[in-house]
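Quantities reported herein were computed from a predicted structural model and do not represent experimental measurements. The residues of the chain are indexed from 1 along the displayed sequence.
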Amino acid sequence: KKVDFSQEEQEEEERFSKSVLFHGLWRGFQNLEEGKDFHSNVIKLGIELQNSEGNLLMQMYGGFGAIEEAYSMFQSMIYHDDIASWNIIMSMFLYHKNYAEEVFHLSSKMKERGIEPDRISFKLLSRAAADLQNLEEGQSTHCFITMKGMELDLGICSALLYMYGKCGAFQEARFVFDNMPKRDEFTWITMVTSYSKEGYNEDIIELYREMLDEGLVPGKVILTAVLNACGKLANLEQGELIHKDINQRSLYASDVDLANSLITMYGRCRCLHLALSVFVNMSVRTVGTYNVMMGAYLGQELYEKVFELFR
C-alpha cells in the first residue's frame, strides 16, 4: 500500500538524511582538499545548509587548521542566533593561539546581536583571557558571569581560577577558590600550580593542610609541589610529615618523581642521611635521581660523594 507523506514530513526526512550524510562523510576526510571538494559540491548542488551542517563544516575546517575557511563558513551561515555556532568558532580561534584575541571580538559581536553566552562561552572567554594574560578581559568576563548567576558553576569557577592564576592575580584566584561550592582535584592542582610558579611556598603548604583538614587525599602533583615548597623554605618538620604520608600510601617506592622530590627536599634541608635513605630504598632510579642526589651532596660541598655517584 502506498504511503502518502505530507510536505512537512518529506522535508523532515530530507533534513534527517542530510544530517546523517554530513556526520558520516566529513569525519572520513583524509585531508583538507577532500573536505573542500565536498563543500564545493554541496554549494554546486544548491543544498541549503542548516546550522548543524554548517557547524560540522566549521569543525572540519578547524580540524585541518584552516581557520580562515572555518570563519568564512561561520560568516556565510544564514542563522547566527545559534550559540553552538559561536562557541565552535571561538574554540577554533582559542585552539590556534594566534587567533585568541579574536575570541573577544566575537564576544562583542554576540552582545551587539543580543545573543546570550552560555557556560561554554564563559569558559572559552576565561581561557582566552588566561592564554593572553589579559586580566582586564578576564575580570570583565567574571562580572558578566556573576550578572548571569553562573558564578557557582564548578566548570566556570575552575576556568576563572585558572585565568586569575595565569594573570598573576592571586587574591582574585583565592576569592574564587574560597567561594566555590565544591572543589575537585583539578581545582586544588590549579591553585597549587599558580602559587608554585610565583614561589608562594607558605601558601602551598597552607593549601596542603587545608586539603588534609577536609579529609582529601593529595595526589602526586600536589605532593610534589608541597615537597618543593618545604625544601625551599627548609621546613624539615612539614617535609617529614609529608614523607610519612607518602610512606603510608606506599607511593615513592614505585614513583620516581616523588622520590626525587623527597631527595631534593631533604638535600635543601641539609639532611643528607634522609636523602640517602630515600635514594637507597628506591626500586628504580633514573638519571634525574642521580642528579638530585649529587645536587644534595654539592649543596654541602661533599665533592668526593658526588664523584662516587658519578662512577
For this session: Output all residues satisfying side-chain contact (heavy atoms from CB on, under 4.5 Å) with Lys111, sequence neighbours left out; order by chain, then residue number.
Result: Ser107, Phe144

Exercise. Of all residues at least two apart in sequence or in a different chain, which pass the ring pair (Phe, Tyr, Trp, His ring centres under 6.0 Å) check with Tyr290?
Worked result: Phe279

Problem set entry | Results of side chain to side chain donor-acceptor pair (under 3.5 Å) for Glu102 - residues two or more places apart only | His105

For this session: Quick one: which residue pairs count as a side-chain hydrogen bond (donor to acceptor under 3.5 Å, both in side chains) with a foot in residues 227-239, not counting sequence neighbours?
Result: Arg209-Gln238, Asn228-Arg268

For this session: Go through the structure and list residues passing side chain to side chain donor-acceptor pair (under 3.5 Å) with Tyr266, not counting sequence neighbours.
Result: His243

Exercise. How about Ser40 and Asp37: does a side-chain donor come under 3.5 Å of a side-chain acceptor?
Worked result: no

For this session: Write out all pairs satisfying side-chain hydrogen bond (donor to acceptor under 3.5 Å, both in side chains) with one or both partners inside residues 190-207, taking only residues at least two apart or from two chains.
Result: none

Problem set entry | Residues Ser261 and Thr264: side-chain donor-acceptor under 3.5 angstrom | no

For this session: Mind checking ring pair (Phe, Tyr, Trp, His ring centres under 6.0 Å) for Phe177 and listing every partner two or more places apart, or none if nothing turns up?
Result: Trp188

Seminar exercise, completed: The complete set of salt bridge (Lys or Arg N to Asp or Glu O under 4.0 Å) pairs with one or both residues in residues 142-156, sequence neighbours excluded, reads Glu116-Lys148, Arg119-Asp153

For this session: Please collect all side-chain hydrogen bond (donor to acceptor under 3.5 Å, both in side chains) contacts where either partner lies in residues 170-179, sequence neighbours excluded, each pair once.
Result: Arg174-Asp178, Arg174-Glu210

Problem set entry | Residue list, ring pair (Phe, Tyr, Trp, His ring centres under 6.0 Å) with Tyr99, at least two apart or on another chain | Phe93

Problem set entry | ring pair (Phe, Tyr, Trp, His ring centres under 6.0 Å): pairs with one or both residues in residues 201-242, sequence neighbours excluded | none

For this session: Go through the structure and list residues passing side-chain contact (heavy atoms from CB on, under 4.5 Å) with Asp118, not counting sequence neighbours.
Result: Ile83, Asn87, Ile120, Ser121

